[in-house]
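For reference, the structure is listed below as structure tokens.
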2 protein chains.
Amino acid sequence: MDEPTPTESPDGRLIRLVRQLTVESDRFAEMLGEAHDMHRTDLNALVVIMDAERRGQPISPSQLARSLHLSASATTALLDRLEAIGHVNRGRSTTDRRRIELAMPDRARELGRHFFAPLAAEYARVWSRFSPEQRAVITEFLTATIEATVTVRGGISAESRNGPPAG
Amino acid sequence: MDEPTPTESPDGRLIRLVRQLTVESDRFAEMLGEAHDMHRTDLNALVVIMDAERRGQPISPSQLARSLHLSASATTALLDRLEAIGHVNRGRSTTDRRRIELAMPDRARELGRHFFAPLAAEYARVWSRFSPEQRAVITEFLTATIEATVTVRGGISAESRNGPPAG
DNA sequence: TCGTATATTTCGAGCATCGAACTATATTGG
DNA sequence: CCAATATAGTTCGATGCTCGAAATATACGA
């Protein structure tokens, strides 16, 4: 169990833990990419492509670019890399010949699932202790925290347009 | 309140939310860096340096390198960038002349605090609804999730050393 | 004392990302 | 109907972060 530090406020403690979770998750993804000779962005792209496939809505390069906040040309290079190692196939859309649809070969899909299965299993193990009531609290917390992050993020765009604050 | 999707397991739902939190936080940090003309790594470095200062234990370039998982030379370049925009000062340690100690000018420290204050305020606002009992559940959840992530991460190193699994 | 280790920087090279320019295709408006 | 405009994706040259090797300065250990 995490121990509060002597001068830490209750909110400060939660902030510290949320931050630590994002830092550790960040490092997890980084190491996963390194272990499979993929740049971090490559791994992020695979996740996005896999999710789109799972939803039955194959994604295009421009959608991927928007999702990853990359330029079109950087996305082209990224897809070149992924295609070169057999993780993605490009196919011309049948409904709009300007569009490309991204698909994953079976083997890549299996490999992608394998990437994340150990973490899901370990999460299931440590989370088995939480009751449905506790899960509801956790869900509410996560949802609120996500929304708060998104809200403040909107303020960054507005702030940067108006210039930095006075020192 | 987040709604469960029809085919989602309770664990699957929490996994989705945790992942969304890390994605949104990631994007938050990215935008913060962009808003202040700093590369993502630069911002990460500032956080590490600020934390070290707050603990009264100024950090050295090699400690920073270890913390950020960068090479020594990449860290030098990073510090060059931060020094150039006045966010960091290098000072030779008085106890070991090989070492450099990193310090932040007052203005940079204030600016750094300003970066994160809006998010802390919004978190405090949305978290005010949680009772001490609920916070204990949340704390336990976050701690367990962090530890699970770190545990599985250890397995990645071992796995990559033994090569990837059979398809 | 001297070999070894540690700390940091410099240097040249690799690689992800960018914007501009380009080609192909679809849409819109007169 | 057709020209103008918009959209989709790639190529190209340039930028900037990161790396490993090499170098210099300092500390440690036998």
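Every chain is numbered from 1, with letters handed out A, B, ... down the list of sequences. The structure presented is a predicted model; accordingly, all values stated were derived computationally and were not measured.
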Go through the steps to decide whether His36(A) and Ile85(A) satisfy the test side-chain contact (heavy atoms from CB on, under 4.5 Å), and finish with yes or no. CA-CA 11 Å; His36(A) 296 277; Ile85(A) 59 176; over 6 Å; no
Within the 3.5 Å criterion, strictly below it, is a donor on Arg81(B) or His39(B) matched to an acceptor on the partner's side chain? no
For DNA chain C, determine which residues of residues 78-86 of chain A have any heavy atom closer than 4.0 angstrom to one of its atoms, and list them numerically. Arg81(A)
Please walk me through it: do Val48(B) and Asn44(B) pass side-chain contact (heavy atoms from CB on, under 4.5 Å)? CA-CA 6 Å; Val48(B) 173; Asn44(B) 290 346; 5.6 Å; no
Does Arg90(A) pair with Asp80(A) as a salt bridge, N-O distance under 4.0 Å? yes
Residue pair Ile15(A) / Phe116(B), side-chain heavy-atom distance below 4.5 Å: no
Test side-chain contact (heavy atoms from CB on, under 4.5 Å), reference Val88(B), set Leu64(B), Asp42(B), Leu78(B), Leu102(B), output is Leu102(B)
Here the distance between atom P of dT18(D) and atom CD of Glu34(A), to the nearest Å, is 13 Å
Walk me through it: do Arg109(A) and Asp106(A) pass the test side-chain contact (heavy atoms from CB on, under 4.5 Å)? CA-CA 5 Å; Arg109(A) 199 179 298 118; Asp106(A) 284 347; 2.7 Å; yes
Under 4.0 Å, heavy atoms only, any strand: does Arg90(A) hit a base, just the sugar-phosphate, or nothing? sugar-phosphate
May I ask you to decide whether Glu30(B) forms a salt bridge with Arg27(B), counting only side-chain N to carboxylate O separations under 4.0 Å? yes
Kindly state which residues belonging to residues 92-103 of chain A come within less than 4.0 angstrom of DNA chain D, counting heavy atoms of the residue only, listed by number. Arg98(A), Arg99(A), Ile100(A)
Worked verdict on Arg125(B) versus Asp11(A) for salt bridge (charged side-chain N to carboxylate O under 4.0 Å, His left out): CA-CA 10 Å; Arg125(B) 195 183 68 81; Asp11(A) 281 347; over 6 Å; no
Taking the side chain as C-beta and beyond, is there a heavy-atom pair between Glu110(A) and Arg113(A) under 4.5 Å? yes
Whole-Å gap separating C1' (dT18(D)) and CZ (Arg40(A)): 16 Å
In numerical order, the residues of residues 45-73 of chain B whose heavy atoms come under 4.0 Å of DNA chain C are Ser60(B), Pro61(B), Ser62(B), Ala72(B), Ser73(B)
When rounded to whole Å, the NE2 to P distance for the pair His39(A) and dG16(D) reads 17 Å
